[in-house]
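Structure first, then comments.
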Amino acid sequence: MHRSIKAVSTGLLSAMLLAGCASTRMDSGEKLAMYRANAGEPVRSFHFFGRLHSWAPLGDRALAVWTKPREAWLLELTGGCPDLAFAHSVSITSSLNSVHARFDRVRPVGAGPMAIACRIDEIRPLDVGALRDAERDWREGGEVIDQPPEDAPDQSPGAGT
């Protein structure tokens, strides 16, 4: 009997440790909430000269794109974009060096030969500094901040574009 209690205790401890390790990673819903909380008001377009600095998928309905190291945009997509999770990069359509909401599209690259382009529904500038701080705070404390502080100045790039 003593051995079975010890085995159960060891099993429970292992399960708790595994659950603790699993919870240190932010899921796509939490990550999207963090990005939305650090995004400005929607804009109609942003300047784009054909090359992304980096990008991050945020589920199958959104992604963040960095056009410069300190300039980023939250792109919300119409419907789902299931190939986004499998893409090694993305391409974005543009007209006259601008990406427009409700007109331009994101195409996952490397997700297979039949990857479907997904229409951009909404564009919001990201406050890169605040986003970096929120990610650091989450890593240190494991919390996702739902809303930026009300007294925070609007430092989002391209606001009013």
Side-chain angles (χ1 to χ4, degrees), residues 8-43 45-92 99 101 104-112 115 118-161:
V8 169
S9 297
T10 303
L12 287 173
L13 180 60
S14 296
M16 288 172 30
L17 288 173
L18 287 174
C21 290
S23 67
T24 60
R25 184 167 183 168
M26 191 182 305
D27 68 32
S28 61
E30 291 173 320
K31 198 168 188 176
L32 178 56
M34 180 184 296
Y35 277 68
R36 283 177 175 159
N38 290 286
E41 292 299 314
V43 296
S45 64
F46 67 90
H47 294 293
F48 178 63
F49 299 102
R51 185 160 186 217
L52 292 177
H53 180 70
S54 64
W55 71 286
L58 302 169
D60 68 349
R61 294 182 179 265
L63 73 154
V65 295
W66 281 258
T67 51
K68 299 176 186 172
R70 295 183 183 192
E71 182 178 88
W73 307 91
L74 175 61
L75 307 180
E76 301 268 356
L77 307 172
T78 301
C81 195
D83 295 327
L84 203 53
F86 306 105
H88 62 75
S89 63
V90 294
S91 65
I92 300 176
V99 174
D104 285 304
R105 297 177 181 270
V106 172
R107 181 177 304 276
V109 176
C118 309
R119 189 166 60 94
I120 299 168
D121 186 50
E122 184 178 83
I123 300 169
R124 295 173 61 195
L126 286 167
D127 183 335
V128 176
L131 182 61
R132 195 173 298 129
D133 291 344
E135 288 174 333
R136 185 190 65 241
D137 291 346
W138 184 86
R139 280 192 306 274
E140 291 174 359
E143 295 181 25
V144 175
I145 300 169
D146 289 335
Q147 296 295 323
E150 290 183 27
D151 60 344
D154 182 14
Q155 298 176 356
S156 39
T161 301

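Just the heavy atoms: all of them, side chains too, but no hydrogens, waters or symmetry mates, feed the values below.
- Considering all non-hydrogen atoms of both residues, Ile123 and Ala101 come closest at CD1-N, 3.4 Å.
- Under the 4.5 Å side-chain criterion, counting only non-hydrogen atoms from C-beta, Trp55 is not in contact with Leu75.
- By the 30° and 60° cut-offs, the orientation of the rings of Trp66 relative to Tyr35 is perpendicular.
- Side-chain contact between Arg36 and Arg124 is present, with at least one heavy-atom pair separated by less than 4.5 Å.
- For Asp60, the side chain to side chain donor-acceptor pair (under 3.5 Å) criterion is met by no residue, not counting sequence neighbours.
- Contacts of Asp121 classified as salt bridge (Lys or Arg N to Asp or Glu O under 4.0 Å), with partners at least two apart in sequence or in another chain: Arg102.
- Glu30 places a side-chain N or O within 3.5 Å of a backbone atom of Asp27 that can act as its donor or acceptor partner.
- The minimum heavy-atom distance between Pro69 and Arg132, with the atom names listed, is O-NH2, 4.3 Å.
- Counting only heavy atoms from C-beta outward, the side chains of Pro108 and Cys81 approach each other to under 4.5 Å.
- Interatomic distance, OG of Ser89 versus CG of Leu52, reported as 9.0 Å (0.5 Å rounding).
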Verdict with reasoning, Glu76 to Leu32, per side chain to side chain contact (heavy atoms under 4.5 Å, CB included): CA-CA 10 Å; Glu76 301 268 356; Leu32 178 56; 4.3 Å; yes
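- Using a 4.5 Å heavy-atom threshold, the side chains of Leu58 and Leu74 count as touching.
- We find the NZ-NE2 distance between Lys68 and His47 to be 9.0 Å, quoted to the nearest 0.5 Å.
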Full working for side chain to side chain contact (heavy atoms under 4.5 Å, CB included) between Val65 and Val99: CA-CA 12 Å; Val65 295; Val99 174; over 6 Å; no
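- Under a cut-off of 6.0 angstrom, the local environment of CZ in Arg51 is sparse, with at most 12 non-hydrogen atoms contributed by other residues, nucleotides or ligands.
- Atom CD1 of Ile92 is separated from atom CG of Leu63 by 6.5 Å, given to the nearest 0.5 angstrom.
- From Arg70, atom CZ reaches atom NE2 of His53 across 10.5 Å, with rounding to the nearest 0.5 Å.
- Proximity of Leu84 to Leu77: side-chain heavy atoms (C-beta onward) are separated by under 4.5 Å at one or more points.
- In this structure, the side-chain contact (heavy atoms from CB on, under 4.5 Å) partners of Ser91, at least two apart in sequence or on a different chain, are Arg107, Val109.
- The aromatic rings of Phe46 and Phe48 lie perpendicular to each other, with more than 60° between the two planes, well past the 30° mark.
- Looking at every heavy atom in both residues, Ala39 comes nearest to Leu126 through CB-CD2, 3.8 Å.
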